[in-house]
Amino acid sequence: MPILFLLGAKTGLLVQWTGWSHEGYNILHRHVGRVVCTAAVLHVFFYSLACPIEVMVHVTTIFVALLAVIGFFLILISSIAPLRAKTYELFLLLHVYGVVAILPLLYFHFERVRPYVITSAVIFLWDRINRFRNAQHVIAHTTILSGNTVKLSLNVNSTTREIHWKTGQYVYVSISSLAKQQAHPFTIASPPNPNTLDLIIRARKGFSKSLFLSEAPEHKVTFHGPYGSPPTFEGCDRVILMAGGAGISYAYPEAIELSSSTGHYAAANPEVDFLWVVPSRDFSSWVDLKEDYNVDFKVWVTAEQGRPDIKKYVKDSIIAAGPGARVAVAVCGPAPLVRDSRNACSEMLWEGNNVVFYSENFGW
């Protein structure tokens, strides 16, 4: 249990000790969670062979454990990827409030587990306190975009401390007027600057749909972050940036940062190959694709051109970089785009090319 809570904390000790980002070890959190939940269910099953359920419910210390296992089971089921994607807000509520309910139930179940329960509770509270301390309250303006999408622009000039972020980082956003007690992660879609932090949000269900349908031009927003440890491309001769739809949130600011004459990569000045795959031409209005940025923003419209051959595109771009060139491929978008890019990089590595790969997948 303490390991599960340590891996689930976004601002806790593991982040401070190791410098790793939460999303980097989130996969471990999921695996440990499956072990904990499955073990709890099996514990009850085998115990019921010796002690019938009708007897258990009349013993207080066992009854509270049954309630805890129901909580574990619900969290386990809601965390299955397809269900989590369809009912993310329910998954979020079960995760937070389920944990709050399970810990005291386990505490009163068996005396020997109490040190582990207390340790887990301390980790959980420490993470929540850190989030509360880091939270900022700002006014955000909304701009309706094509494709059932909204841009949320946070005025970071009004924060109590300076907000600094790197391209590829994300923040958690809450708008209590639309969805109480919910915080949703979004990749920052604007290059580092002192004025505005932009988020591009596709309307799905729940919070994102409510935000898109809201007629209010501005909202009171609470956010905390930024989080994440995005890769650096120092020493790369070429960086291939590819995005699908809302994946532009990552690729666009990264392209500007890479091509900036005053930014982090000014001395290295790597060549940027940029491809954005969108369903229709009007999606290109989401961001400012100006020539001033010294980036060849290539927009592939599937409604006009069909689906691109991503593997061929990646391979051709790597070959064009020249023999011995170090090439980075960074992708953000739907699973097929990420998969084809990864497979192309794997094949080019096998042929002896110097290639590194980084991906951001949709979902959480």
Side-chain angles (χ1 to χ4, degrees), residues 23 81 85 143-151 167-168 170 185-191 198-204 208 212 230-231 233 236 238-259 270-291 293-321 327-348 355-364:
E23 72 275 11
T143 305
I144 300 299
L145 305 175
S146 57
N148 293 336
T149 303
V150 60
K151 181 167 74 173
T167 54
Y170 61 94
F186 297 103
T187 301
I188 301 171
S190 51
D198 291 332
L199 306 172
I200 293 177
I201 302 171
R202 294 290 301 274
R204 303 293 185 186
S208 60
F212 177 74
F233 301 113
C236 292
R238 170 177 286 206
V239 179
I240 305 170
L241 296 171
M242 292 189 294
I248 194 67
S249 296
Y250 165 72
Y252 174 70
E254 190 71 81
I256 295 175
E257 183 76 2
L258 284 165
S259 60
E271 185 181 358
V272 179
D273 185 352
F274 183 97
L275 178 67
W276 183 18
V277 182
V278 294
S280 61
R281 180 70 59 181
D282 55 358
F283 276 55
S284 60
S285 64
W286 286 7
V287 292
D288 187 8
L289 303 176
K290 293 190 300 188
E291 295 181 358
Y293 293 128
N294 197 29
V295 177
D296 180 16
F297 291 110
K298 293 187 286 290
V299 180
W300 185 288
V301 182
T302 56
E304 303 171 5
Q305 302 166 273
R307 293 189 177 277
D309 187 340
I310 294 299
K311 289 184 69 173
K312 183 178 185 303
Y313 183 91
V314 172
K315 289 181 176 182
D316 289 348
S317 185
I318 293 172
I319 293 171
V327 181
V329 180
V331 188
C332 183
L337 176 68
V338 175
R339 182 181 60 247
D340 289 347
S341 305
R342 181 185 287 113
N343 289 342
C345 290
S346 176
E347 292 174 15
M348 296 303 285
V355 182
V356 293
F357 179 80
Y358 171 76
S359 69
E360 277 203 4
N361 293 357
F362 288 164
W364 198 251

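What you see is a predicted model; the values in this text were computed from it and never measured. Computed from heavy atoms alone, side chains included, the values below leave out hydrogens, waters and symmetry copies.
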Nearest 0.5 Å, please: how far is NZ in Lys311 from SG in Cys345?
11.0 Å
How long is the span from the OG atom in Ser284 to the CH2 atom in Trp300, to the nearest 0.5 Å?
15.5 Å
Residues at least two apart in sequence or cross-chain that pass side chain to side chain contact (heavy atoms under 4.5 Å, CB included) with Ile144, listed by chain then number, are Val150, Phe212
Check: Gly147 main-chain N/O paired with Arg202 side-chain donor or acceptor under 3.5 Å
yes
Scan side-chain atoms only and decide if Arg307 and Thr302 contain a donor-acceptor pair under the 3.5 Å cut-off.
no
Is the closest side-chain heavy-atom distance between Leu289 and Tyr252 below 4.5 Å?
yes
Residue pair Ala251 / Ala243: nearest heavy atoms and the distance that separates them:
CB-CB, 3.8 Å
Using atom types as modelled and distance alone, determine if a side-chain donor or acceptor of Trp276 lies under 3.5 Å from a backbone N or O of Met242.
no
Which atom names give the shortest non-hydrogen contact between Tyr250 and Pro231, and what distance separates them?
OH-CG, 4.4 Å
Please list, chain by chain and in numerical order, all residues satisfying side chain to side chain contact (heavy atoms under 4.5 Å, CB included) with Lys298, sequence neighbours excluded.
Asp273, Leu275, Asp296, Tyr313
Any residue meeting side chain to side chain contact (heavy atoms under 4.5 Å, CB included) with Ser190, in chain and number order, not counting sequence neighbours:
Trp165, Ile188, Asn193, Asp198
Who pairs with Lys151 by salt bridge (charged side-chain N to carboxylate O under 4.0 Å, His left out), at least two apart in sequence or on another chain?
none
Look at the side chain of Ser317 and the backbone N and O of Val314, then say whether any donor-acceptor pair between them is shorter than 3.5 Å.
no
Output all residues satisfying salt bridge (charged side-chain N to carboxylate O under 4.0 Å, His left out) with Arg339, sequence neighbours left out; order by chain, then residue number.
none
Sub-3.5 Å donor-acceptor pair from the side chain of Ser346 to the main-chain atoms of Arg342, do we have one?
no
Is there side-chain contact between Leu241 and Phe297, with heavy atoms separated by less than 4.5 Å?
no
Identify the two heavy atoms, one from Pro230 and one from Tyr358, that lie closest to each other, and give their separation to 0.1 Å.
CA-OH, 4.4 Å
State the CG-CD distance between Leu258 and Glu254, to the nearest 0.5 angstrom.
5.0 Å
Begin with the C-alpha distance, continue with both residues' side-chain angles, and end with the deciding distance and a verdict on side chain to side chain contact (heavy atoms under 4.5 Å, CB included) for Val338 and Phe357.
CA-CA 10 Å; Val338 175; Phe357 179 80; 4.3 Å; yes
With rounding to the nearest 0.5 angstrom, report the CD1 to CG distance, Ile310 to Asn343.
12.0 Å
List the atom of Ala330, the atom of Phe233, and the distance in Å for their closest heavy-atom pair.
CB-CZ, 3.9 Å
Side chain to side chain contact (heavy atoms under 4.5 Å, CB included) assessment of Ser249 paired with Phe186
CA-CA 9 Å; Ser249 296; Phe186 297 103; over 6 Å; no
Minimal heavy-atom distance between Ile256 and Pro191, with the atoms involved, is CD1-CG, 3.8 Å
Which heavy-atom pair separates Pro279 from Ala303 by the least distance, and what is that distance?
O-CB, 3.0 Å
List the residues meeting side chain to side chain donor-acceptor pair (under 3.5 Å) with Ser280, not counting sequence neighbours, and say none if there are none.
Asp282
Min side-chain heavy-atom separation Pro308-Val277 under 4.5 Å:
yes
Spell out, as yes or no, whether a donor-acceptor pair under 3.5 Å connects the side chain of Ser208 to the backbone of Arg204.
yes
Here the gap from Ile248 atom CD1 to Phe283 atom CZ, rounded to the nearest 0.5 Å, amounts to 12.0 Å
Calculate, to the nearest 0.5 Å, the distance between atoms CD1 and CD belonging to Ile318 and Glu347 respectively.
10.0 Å
